[in-house]
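Below you'll find the structure, written out as structure tokens, and then a few comments.
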Amino acid sequence: MVDGFIRGKMMKKSDNKVEKKKRTIYSYVKIFISFLFLVVSCILVLSLVKTKMLPNKYLLGIIGVVVVLNMICDFFILFKNKILNVIGFILVMLLGIAFGMGTSYVNKTINILEDMVSVVEEKTTYYVLTIKSDEYNTLSDLKGHKTGIMKQNSDDLKKEIGKQVSLEYEDYDSVGSMMYDLELNEIDSMIVSSTIYDLLLEENSSFMELVKKVGEVVVTGKVDSTESTIDVGKSFIVYISGLDTRDTRYISPIGLSDVNILAVINPMNHNILLVSIPRDYYVLVHGTTGMKDKLTHAGLYGIDASMKTVEDIFDININAYVKVNFKALTSVVDAIDGIDVYSDKTFKSFHKRGWTVKQGINHMDGEKALAYSRERYAYSTGDRHRGQNQADVMAAIIQKISSDKKYLLKYDDILKSIEPYVATNIKMDDIQGIARNQLETMSSWTVTNISVNGSDGQNYTASFPKQLTYVMNPIQKTIDDAKDKINQTMKGE
């Protein structure tokens, strides 16, 4: 009987040890879960701090909420009540998932923006062209033969071609002179960027019927452009250039600047002035002398040439640029499931074969929205009406995104869809500062649209010195009026 009592006491003692051990492990698990939630919370807060976009009042408020939520969860988890513990575990799981998703969204946004502002290399596709009747059919067939090449982008291109074949080069200032020499057999071939190739297709179809492609070269090089001079506490001007390139795999350092808009931004009184400049404006490209050219052709020499040419027109200093490949438009429209745009007339689209735009509301996917934005042949006012179409498309995009929460919630997907097709020299610190100032004030902005005008004409251009082409001769009064409005917006008048 004594032995049984002793064994029972020993078994009870053993059970107490097991139970105590379980309680100890359970306590450690609760402490670990509490610590893990604290770590997830700290990662979220650090990510928000890293964005540098939140004003201190918002950041401190978020930190306060996170601290309170951690205290509440700790109370439920660490309290000696299993029901409260279960509630605490559920809260930690739900909040942990929410914090994790928030951290992911913040980090993805920052990464996408950093990719847009830190482009150090860009790609350009070049085509090698010969006369169709010539015997050359491949790049190697041209070994040792004379090839025309544009001066402004010859060094990197020659180096890349040299990896495949050795050529003799003739440098040219204008593509027009180069193509005429090819016709006269002064050179055996010519090399042009995909952008110039597209231009020739549109403006010199008779020449394009005479030539054939015998090679293609992709050149990747560092971007050499002017640094941004934005001061987010003062008024600044951003040049927006829309590149018309059919090669939409990436944003090229050169391209026809078919959309030219000055955004004059006054952050003190929250006014924005948008100044549209026709693509065919007949102007002297910055850094050149002699024959004038279309403004759109300035993009063939790079974004700096376009930006400085616009500076010359208005006698202003532009602080930064945003360069957009038209593929960005198709991507964002498709990402928001299309847009509805009103057309004031019925016409057959020139840029999308088989599509008829109806007078009234038209639902457009990305491809149709791009075709509509590029349309000018359907209108008697040509490029002037195209500017209105582009504004209507932009307004439809803004309306769609701002009126449906589901598109606001997938903003990261929308940003990701356009990221490969947008480049800017605006610094990340400036983007963060602009966002922070807007969140600080939450003020509404007043946007005013104006455009400069010109008279229709025919003239020779520096790009095509032997070919008469349509140009728009600037009307100086509209430029002077735009100058006054730019100065007034900058000064806050």
Side-chain angles (χ1 to χ4, degrees), residues 152 195 199 223-230 234-245 251-266 272-326 383-384 386-387 390-391 394 422-426 447-455 459 461-463 471-491:
Q152 72 270 16
T195 301
L199 175 63
V223 179
D224 184 18
S225 62
T226 304
E227 286 192 3
S228 167
T229 57
I230 286 178
K234 300 178 181 178
S235 298
F236 57 92
I237 302 175
V238 178
Y239 168 57
I240 302 171
S241 173
L243 302 183
D244 181 10
T245 54
I251 188 163
S252 172
I254 60 175
L256 296 175
S257 186
D258 266 16
V259 176
N260 300 275
I261 297 173
L262 286 176
V264 186
I265 302 169
N266 188 321
I272 298 176
L273 174 68
L274 298 179
V275 184
S276 297
I277 313 161
R279 70 187 289 278
D280 293 318
Y281 239 31
Y282 193 52
V283 296
L284 187 65
V285 175
H286 182 85
T288 67
T289 57
M291 192 174 291
K292 293 181 179 181
D293 210 334
K294 294 183 180 186
L295 176 58
T296 183
H297 291 173
L300 300 176
Y301 305 93
I303 187 66
D304 278 356
S306 293
M307 186 167 69
K308 292 182 184 302
T309 300
V310 173
E311 287 183 335
D312 294 341
I313 294 172
F314 295 97
D315 191 25
I316 57 174
N317 291 317
I318 296 173
N319 302 102
Y321 69 80
V322 176
K323 186 166 51 172
V324 182
N325 188 309
F326 277 179
D383 196 48
R384 300 172 182 84
R386 175 163 62 173
Q390 292 165 353
M394 290 302 300
V422 177
T424 179
N425 67 340
I426 301 177
V447 181
T448 305
N449 294 278
I450 64 171
S451 62
V452 292
N453 206 347
S455 59
N459 217 321
T461 65
S463 297
V471 299
M472 185 182 289
N473 298 300
I475 296 176
Q476 188 60 41
K477 185 180 185 310
T478 66
I479 294 176
D480 292 338
D481 290 343
K483 285 182 183 180
D484 291 340
K485 291 186 180 297
I486 290 171
N487 289 329
Q488 291 169 7
T489 303
M490 292 287 286
K491 295 176 182 179

Checklist entry - Yes or no on side-chain contact (heavy atoms from CB on, under 4.5 Å) for V238 and I318, after CA distance, side-chain angles and deciding distance? => result CA-CA 6 Å; V238 178; I318 296 173; 5.9 Å; no

Taking all non-hydrogen atoms of both residues, which atom of [X] and which atom of [Y] are closest, and how far apart?
X: H297; Y: L256; answer: CD2-CD2, 3.8 Å
X: N453; Y: T478; answer: N-OG1, 3.1 Å
X: I479; Y: V452; answer: CA-CG1, 4.0 Å

With distance as the sole test, does [X] use its side chain to make a donor-acceptor pair with the main-chain N or O of [Y] at under 3.5 Å?
X: T448; Y: L273; value: no
X: N425; Y: Y321; value: yes
X: S306; Y: G299; value: yes

Checklist entry - Among T489, V264, N266, whose side chain to side chain contact (heavy atoms under 4.5 Å, CB included) with S235 holds? => result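 It is N266, the one option of T489, V264, N266 that forms the side chain to side chain contact (heavy atoms under 4.5 Å, CB included) with S235.
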
Item to check | salt bridge (Lys or Arg N to Asp or Glu O under 4.0 Å) partners for D293, two or more places apart | outcome: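 Not a single residue meets the salt bridge (Lys or Arg N to Asp or Glu O under 4.0 Å) criterion with D293.
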
Checklist entry - Does a donor on one side chain sit under 3.5 Å from an acceptor on the other, for S257 and Y239? => result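 A donor-acceptor contact under 3.5 Å links the two side chains.
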
Checklist entry - Step by step, would you call K485 with D481 a salt bridge (Lys or Arg N to Asp or Glu O under 4.0 Å)? => result CA-CA 6 Å; K485 291 186 180 297; D481 290 343; over 6 Å; no

Item to check | side-chain contact (heavy atoms from CB on, under 4.5 Å) between L295 and R279, intermediate numbers included | outcome: CA-CA 5 Å; L295 176 58; R279 70 187 289 278; over 6 Å; no

Next on the checklist: side-chain contact (heavy atoms from CB on, under 4.5 Å) for Y301 and T288? Distances and angles first, verdict last.
Outcome noted: CA-CA 11 Å; Y301 305 93; T288 67; 5.7 Å; no

[X] [atom1] to [Y] [atom2] distance, which is reported to the nearest 0.5 Å:
X: I237; Y: M307; atom1: CD1; atom2: CE; answer: 11.5 Å
X: N473; Y: K292; atom1: CG; atom2: NZ; answer: 7.5 Å
X: N459; Y: K294; atom1: CG; atom2: NZ; answer: 11.0 Å
X: I277; Y: F314; atom1: CD1; atom2: CZ; answer: 4.0 Å
X: S241; Y: N325; atom1: OG; atom2: CG; answer: 10.5 Å

Item to check | Worked check of side-chain contact (heavy atoms from CB on, under 4.5 Å) between T461 and Y282 | outcome: CA-CA 8 Å; T461 65; Y282 193 52; 4.2 Å; yes

